[in-house]
Each structure stands twice: as structure tokens, then as C-alpha cells.
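See structure below.
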Amino acid sequence: MEPKLRLMIVDDELIVRESLLNWLRKYGHEVDTAASGSEALEKIEQKPFQLLFVDIKMPGMDGLELLERVKKEYPDTLVVIITAHGSIESAARAMRAGASDYLMKPFKPDQLSLVMERIFNQQKITSDYRYVKGCLDQITRFDNIIGQSPPMEKLYALILEVAQSDASVLITGETGTGKELVAKAIHAKSPRAQLPFVAINCGALPDALMESELFGHRKGSFTGAEHSRKGFLEVVSGGTLFLDEIGDISAKMQVDLLRVLEDKTIFSVGSKTPVKVDFRLISATRKDLEKCIEEGSFREDFFYRINVIIIHLPSLRERKGDIPLLVDHFMAKYSHETTKHVDRIKPDALSLLNAYNWPGNVRELENAVERAVVLSKSRTLDARDFSFLKPAHAAPSSPQTLKAVQESHILRILDEQDWQITRSAEILGINRVTLHKIIKRNNFSKGT
Amino acid sequence: MKEQIGVVPLGEVPTLAIEVIAANITAYYKLPADILPMLPIPESAFDKARLMYNAGILINELDALNFDGYFKVVGVISRDMFIPIFNYVYGQAVQGGSLALISLFRLNRNADGSTPSASLVFERAAKIALHELGHLFNLFHCNEIKCIMHFSGAIEDLNKIPFYLCRDCARRLPR
């Protein structure tokens with residue numbers, strides 16, 4: 001079965017548009033029409049077409065001009081020129097300008113069939129090329145981690161190296177840099193790859209629940225424990241345990257985990273029978289754990305246990321060269337998910353994305369592209385589609401008081417953290433109550 | 001499908017050709033086909049520059065007539081037909097529509113200029129009618145050479161295709 005194409009007939013004569021439309025629909029193709037070059041460009045801007053039949057002689061923008069613009073802006077779109085008898089010179093010009101073929105009207109039905117056959121062959125070559133390109137794209141990706149900047153190249157090499165050992169790994173990096181993806185990549189490349197990968201977000205679980213989740217519990221060991229349940233440390237058996245936000249776990253849990261790491265034995269809650277466990281530990285944190293040790297909130301012995309190998313992930317600010325690659329990937333992902341055809345981005349939008357600070361890193365970029373794709377009314381994203389991104393704070397033009405600098409810094413951190421008080425207070429190095437007081441005293445609010 | 005198909009001659013058309021077409025529709029689509037009284041050729045469809053009949057206009061003119069009791073109608077004409085982009089057409093139908101038209105004009109000659117037997121001409125006419133009727137049943141052109149929905153741009157291609165639908169197209173036929 002020949003593939004079905006999305007085609008457009010561009011001709012100022014209604015009768016030609018209708019008869020060709022009727023004919024091409026008999027092949028099951030999705031066919032659209034446009035009465036002028038500008039109408040055709042508007043439609044291509046909305047959704048991609050694989051093939052255009054373009055009449056060379058049209059008022060306003062003629063077929064040759066349309067061909068040139070299409071070939072410049074949408075090089076993947078094939079164009080067949082339709083020309084009146086006797087204008088062979090313009091047909092030759094069209095072929096030089098990138099037309100795939102031409103038809104001199106009126107033509108025999110089998111001439112059109114022949115042209116379509118040639119188009120299918122060209123399409124096949126294009127799709128083969130895309131397949132090869134897809135294979136090359138894989139080279140710029142490493143287990144779903146995208147980037148080809150020098151810091152990422154170093155990271156890929158480190159992942160491969162680390163994966164072969166069984167030592168505990170601590171992954172550090174700002175929020176949204178892809179710590180879990182790196183953990184998964186290490187697991188996937190390790191000898192434990194066929195065994196489970198279990199991820200737990202320590203920041204999201206209260207202490208008691210975390211204990212039960214990790215160690216399991218016996219029936220009746222606490223109120224509500226109606227059945228015995230194995231903990232993740234047992235379930236992960238032979239695989240990799242990923243503890244995200246390990247800087248958020250309590251002192252007691254640090255002691256419990258330290259014991260497990262040393263003895264490789266656990267006791268489920270309410271049980272006195274030891275169970276042997278075997279897993280590789282990968283932890284991650286956005287916190288400065290050495291500072292936490294100094295402050296007394298993190299145990300030094302536990303830190304050295306989980307930190308045999310440390311991998312620091314670069315922030316998106318440190319690898320802005322990867323932004324176009326990431327944008328392409330997220331556009332394709334969300335175009336597929338939303339079944340919208342958004343596959344292009346204008347240079348002004350890319351400059352805006354490059355200028356932005358990305359406090360939320362790749363995750364923030366992904367969310368921004370998703371939002372832009374969902375709301376976009378055309379197939380090309382431009383700067384307006386990213387107008388919701390606040391530009392990086394510029395240096396003030398006039399000298400400022402210390403108080404003004406302090407206030408604008410607090411506001412910036414609050415905005416960057418989406419007004420999450422705990423996280424903002426942590427970054428500012430003050431406690432939550434103080435931050436609340438500052439917000440109240442200065443009448444700060446979201447959007448100030 | 002229990003509906004009736006109408007086969008209507010436009011102007012003078014050999015009766016035997018009409019009978020062969022109706023018989024083949026019944027044989028291959030398992031539908032009763034009635035031969036309707038001859039209708040005059042709408043002269044508004046005649047193109048003085050090309051000295052041919054515009055198939056689109058002919059279909060529009062037929063569409064204005066009342067074919068009560070027939071859910072699909074196949075018109076048969078002995079004159080040469082075209083649509084604006086093509087030099088000629090053997091047949092014309094609107095995809096999923098109710099009216100199709102076939103022309104016998106170019107079936108009376110072989111590719112090498114020789115004259116075919118009358119039975120071969122009728123065979124070709126029946127194949128075009130079955131093909132255009134397929135479009136009325138919303139079947140698309142088929143890649144399978146052993147299928148009546150395979151597109152035949154030249155007379156020798158028409159000789160090669162069978163009368164029947166391939167298995168895929170037969171499955172797509174509305175029941």
C-alpha cells in the first residue's frame with residue numbers, strides 16, 4: 001500500500017483545484033486547496049504538507065515565488081509545478097529552484113500517476129534519511145539524557161565508568177537537572193541492569209512512612225498495618241535503590257540506613273528476623289551536604305558511606321549550547337502527545353530561551369516548551385509563545401540602597417522558586433518565619 | 001447493500017454495452033442493476049475549444065435529475081470526456097458520491113491504433129463502470145495490480161486489470 005500523503009493544490013482557478021482535489025482524493029490522500037500563494041503559506045504555517053501542486057501563473061505571489069519561499073522555509077515539502085502548455089522555460093526555472101517535478105496542463109491521467117510514483121520514491125528516500133538521522137540523534141542522546149555540550153560528554157563518560165563499579169554514588173545538582181535520569185542510566189549500564197530499579201523521593205515521605213516503605217512491616221506492627229509487607233530494600237533485591245533528596249532524611253533514618261549499608265541486613269518493622277539484602281545505592285541531593293554536616297543536620301559517617309563516587313550535574317546555564325537540541329526533543333515529544341504539528345522554532349524564540357536564567361533547569365525548559373506547544377496556534381514557536389518566561393534580572397541602571405538590593409533579591413528568589421516559602425528560605429539562608437515576616441512587612445505578593 | 005443501481009445511457013449508446021455493464025455490476029457487486037431510459041446529452045457540458053464533454057459538468061447536470069429508488073447511478077456516454085486538468089478521462093466519479101460517468105469513446109481503439117473486438121470494448125466498459133462504482137462506494141485507488149480499483153491510465157493497463165476487487169478492497173466495501 002502506498003503511503004497516504006497530506007497534499008495541497010495551489011491554483012487560482014477553482015475548476016482546476018476542484019478537479020485535481022477530486023482526483024487525488026481517489027488515492028485516499030488528505031487534500032487541501034489554496035487559491036493563492038499567500039493562502040498556501042498561511043496553511044503550511046498551520047500544519048505540514050508533504051506535497052504541493054502549484055500553478056505557476058497566479059495573481060499576486062506567483063508559483064515560482066511560492067516555490068522559492070516553501071523551499072527556503074520548509075525544505076522537506078515537495079513541490080510539483082503545474083504550468084500551462086508552452087511555458088516550458090518557467091518549468092525549467094522551477095526545477096532549478098527545487099521543484100520535484102512539473103506537469104503541463106492539461107495532462108494525461110497516467111502522467112499524474114507517474115509523477116506521484118516519483119514523489120513516493122523521493123518520500124521513501126527522505127524517510128530512509130530520517131531513519132539514519134534518527135540513529136545519529138541517538139548518538140547525541142544517552143539513555144534519554146540529551147546534550148552534546150562538553151560537560152555532558154564528560155558526564156556520559158563518567159556514567160559508563162561508574163556503572164561498572166558497585167560503589168555508592170551521590171549525584172548532586174540543582175533541581176531539574178535530571179538526577180534521576182542519570183541514576184537510571186547508571187543502573188541501565190550496570191551489571192544489575194536486568195534487576196529492579198527502585199526510586200524513592202525521601203523529601204516526599206514522612207519519617208514513619210519512609211521507614212515502613214524501606215524496611216517493610218509485619219502485620220499488626222502498628223495501627224493500620226493489616227498485612228505484612230516487604231520493604232523496598234528487600235524488593236529491590238539485586239537491583240539499584242535510588243534515594244532522591246537524601247539531604248531531607250531524618251537523623252534516625254540516616255542511622256538506620258547507615259546500618260543497612262554496613263551490614264547488608266534489615267529488620268522489617270515489628271520483626272526480629274534479619275533479612276539479607278543486596279542492592280546498589282545511588283543517592284541524589286540538591287543540598288550542599290558538607291554544609292549540612294557543618295550545621296549538624298547530616299551525619300558525616302553516613303555522608304562518606306553514600307558518597308564513594310560523586311557526580312555533579314551541570315545546570316542548564318552551564319550548558320546553554322544544548323538548549324536547541326533539548327527544545328527539538330521536547331517539541332517532538334509534546335507534538336506527539338498533543339497530536340499537534342509544532343516542529344519549528346523561530347530564532348527570536350531561541351534567543352529568548354538562551355537569555356533566560358533557567359533556575360528550574362531542564363525541567364523548567366521542558367515545562368516551558370510543553371506550555372508553548374499546547375497553546376501555540378501555528379507549527380512554529382516564536383518569542384511570543386514564551387512571553388510567560390520572565391527575563392533574567394538586569395543590573396539596575398542607578399545606584400541602589402542595600403535595603404533595595406536585599407528586597408529585590410528576596411523577590412527574585414521567591415519568583416524563581418514559584419513562591420515556595422520553605423525552599424526560598426533555604427536558598428536565602430533564613431528561616432521560614434523570618435521570610436514570612438519580610439514578605440508581610442514589605443507587602444510582597446506574587447507578581448510584585 | 002440491498003439498494004438498486006441504475007445504468008443510464010446518455011445519447012446513443014450500443015444497447016449491448018449497457019447490458020454488459022449492468023450484468024457485470026450485478027455479478028461483481030451482487031447488486032441489482034436496472035437499465036434506465038436514455039437521456040439526452042446535456043449540451044452545456046460541451047467544450048467548444050476542446051471539442052469534448054466536460055465530465056464534471058455532465059455529472060452536475062445528472063445530479064439535478066431525479067433518480068428515485070436508485071442509490072447509485074452510472075451514466076454511459078459514447079462521446080469523449082475530459083476534466084479541466086486532464087486531456088481525457090475514461091470515467092469520472094465523485095469519491096463517496098452517487099453518480100459516476102463512463103465514456104466508451106477511447107475504448108474502441110487499441111494502443112497500437114488497431115480496432116479491438118466488440119467483446120473487448122464491452123469488457124473495458126464494464127471494468128471502468130465497476131472501477132467508478134467502487135469510488136462511489138468510497139473505495140480508493142489500489143496498489144494491487146490484480147484489483148479493479150487499480151488505476152489504469154492507459155488502455156493497455158485496463159486490459160490487464162481483473163473485474164474483481166482484491167481482498168483488501170472487498171473488505172472495505174460497505175455491507
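Ring geometry, A:His29 versus A:Phe120: the interplanar angle falls from 30° to 60°, so the pair is classed tilted.
Ring centers of B:Phe163 and B:Tyr28: under 6.0 Å apart, within the cut-off.
Of the charged side-chain nitrogens involved, at least one lies within less than 4.0 Å of a carboxylate oxygen, so that A:Arg379 and A:Asp343 count as a salt-bridged pair. Between A:Lys43 and A:Glu39, at least one side-chain N (NZ, or NE/NH1/NH2) sits under 4.0 Å from a carboxylate O, which counts as a salt bridge.
Interface remark: B:Phe151 contributes side-chain atoms only to the contact with chain A (heavy atom separation under 4.5 Å). Contact annotation for A:Leu103: neither backbone nor side-chain heavy atoms come within less than 4.5 Å of a heavy atom of chain B.
If you tally non-hydrogen atom pairs under 4.5 Å between each of B:Glu144, B:Met149, B:His135 and chain A, the highest count goes to B:His135.
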